[in-house]
Amino acid sequence: MPVSKEVHLVARPVGEPRPEDFSVVETTVADPAPGQILVRNDWMSVDPYMRGRMNDVKSYVPPFKLGEVMEGGAVGTVVASESPEVPVGASVLHFQGWRQYALMDAERAKVVDTDAAPAQAYLGALGMVGLTAYAGLTAVAGLKEGDVVFVSGAAGAVGSLAGQIAKQLGASKVVGSAGGPEKKRRLVEEFGYDAAIDYREGDLEGQLAEAAPEGIDVYFDNVGGDHLRAAIQGMRVHGRAALCGAISSYNDTEPAPGPDNLGLLVGKRVKLQGFLVGDHGDLAPEYQKNAARWLAEGSLRTEETVVEGIDNAVDAFLGMMRGANTGKMLVRLPA
């Protein structure tokens, strides 16, 4: 019965979350019952959607409960098993992150092949993050060969993959937006973007018009707000936007005003569609086959920002929300 550290939400954040909204608690984990497994988590994910679960509001996923351990994606090693399907030593992907040890029904874990790819890849390029980018571009935005694509949050976990996947699917030009000159440089030199915008410089409409003077056909939105306004301004006729996230407003205490140029959607016949990756699980086999090939070829570059230890998991989350990461933000949990 190992002692496990886990992170609890102890107060609902108002505005930007603070360290004191969380607490690291020690607990004793029981041995597995029949049909259960005990997993020592090796990697856990922190993601923007988790901010919404800290609010006590009705949404597509229930809010975190105060005084209880939070949840999130994780990959770990089975250290005890009462399930013949999931043996000791197997690496599994599951949703009981934010803790060192996780006790669960075996059916809630998916065995992953860490010989084919590093364990943490199943939290990024080979997991929900990569599928989000792929589904948004294909099933939602209907990306066609020759399209010009604009991606906001382009240096983040989803965005850094979305631009590369768009190129693999035949986009003629991909423009990304990120914060700061270093991220702007890396978008072009490392992630294959044709042009990049530093949103901190302001004038997003002007920067986008300079980067894509012919206009854009597809917008992959991770940010919302002024980025969505700029994308609408730059859309060509029959443009499409896949609305994945709106991180610019997640800490707002009052409703953020919407874009003031929605009237352009009519004449341009533009489609805006929000989506959840959970609605597109049918695309997972297709995506994973493509992603495995792209990774093997070296045409899909992945980047990770790694924070060490469960005691620093909250700092990792807060840093990710402020844009401290390039690529996927992960917490490594040493054995």
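- Linking ILVMFWY residues whenever their side-chain heavy atoms come closer than 4.5 Å, directly or via other members, places Val158 and Tyr49 in the same cluster.
- Below 30°, between 30° and 60°, or above 60°: for Tyr134 and Trp294 the angle between ring planes is between 30° and 60°, a tilted geometry.
- Scanning for salt bridge (Lys or Arg N to Asp or Glu O under 4.0 Å) contacts around Asp226 gives an empty result, with sequence neighbours left out.
- For residues 259-268, the salt bridge (Lys or Arg N to Asp or Glu O under 4.0 Å) pairs, not counting sequence neighbours, are Arg229-Asp260.
- Atom CD of residue Gln100 and atom CE of residue Met44 lie 11.0 Å apart, to the nearest 0.5 angstrom.
- Between Tyr122 and Asp113, the closest side-chain pair of non-hydrogen atoms falls below 4.5 Å.
- Expressed to the nearest 0.5 Å, how far CZ of Arg108 lies from CZ of Phe95 amounts to 9.5 Å.
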>> One pair to check against side chain to side chain donor-acceptor pair (under 3.5 Å): Asn55 and Arg12. What are the steps and the verdict?
In response: CA-CA 6 Å; Asn55 300 327; Arg12 303 275 179 207; over 6 Å; no
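- Distance check: Ser177 OG to Phe220 CZ gives 14.0 Å after rounding to the nearest 0.5 Å.
- Placement of Leu333 and Val306 within a single hydrophobic cluster is found when ILVMFWY residues are connected by side-chain heavy-atom separations under 4.5 Å, directly or transitively.
- In this structure, CG in Leu123 is found 6.0 Å from CG in Leu93, a value given to the nearest 0.5 Å.
- Side chain of Asp194 to main chain of Val174: a donor-acceptor pair is present (N/O by atom type, distance under 3.5 Å, no hydrogens or angles).
- Ile216 and Val140 fall into different hydrophobic clusters, where Ile, Leu, Val, Met, Phe, Trp and Tyr side chains are chained together by heavy-atom contacts under 4.5 Å.
- Atom CG of Leu330 and atom CG of Asp42 lie 12.0 Å apart (nearest 0.5 Å).
- No side-chain heavy atom of Phe317 sits less than 4.5 Å from a side-chain heavy atom of Val307.
- Residues Val151 and Tyr219 fail the side-chain proximity criterion, which asks for heavy atoms closer than 4.5 Å.
- Evaluation of the salt bridge (Lys or Arg N to Asp or Glu O under 4.0 Å) test over residues 305-330, restricted to residues two or more places apart or in two chains, returns Lys5-Asp311, Glu16-Arg322, Asp47-Lys328, Glu308-Arg332.
- Results of the side-chain hydrogen bond (donor to acceptor under 3.5 Å, both in side chains) test with Asn41 over Glu6, His94, Arg99 single out His94 as the only residue that passes.
- With contacts defined as side-chain heavy-atom distances shorter than 4.5 Å, the pair Met320/Pro48 qualifies.
- Side-chain contact between Tyr287 and Thr138 is absent, with no heavy atoms from C-beta onward closer than 4.5 Å.
- Separation of the His227 and Tyr199 ring centroids falls under the 6.0 Å cut-off.
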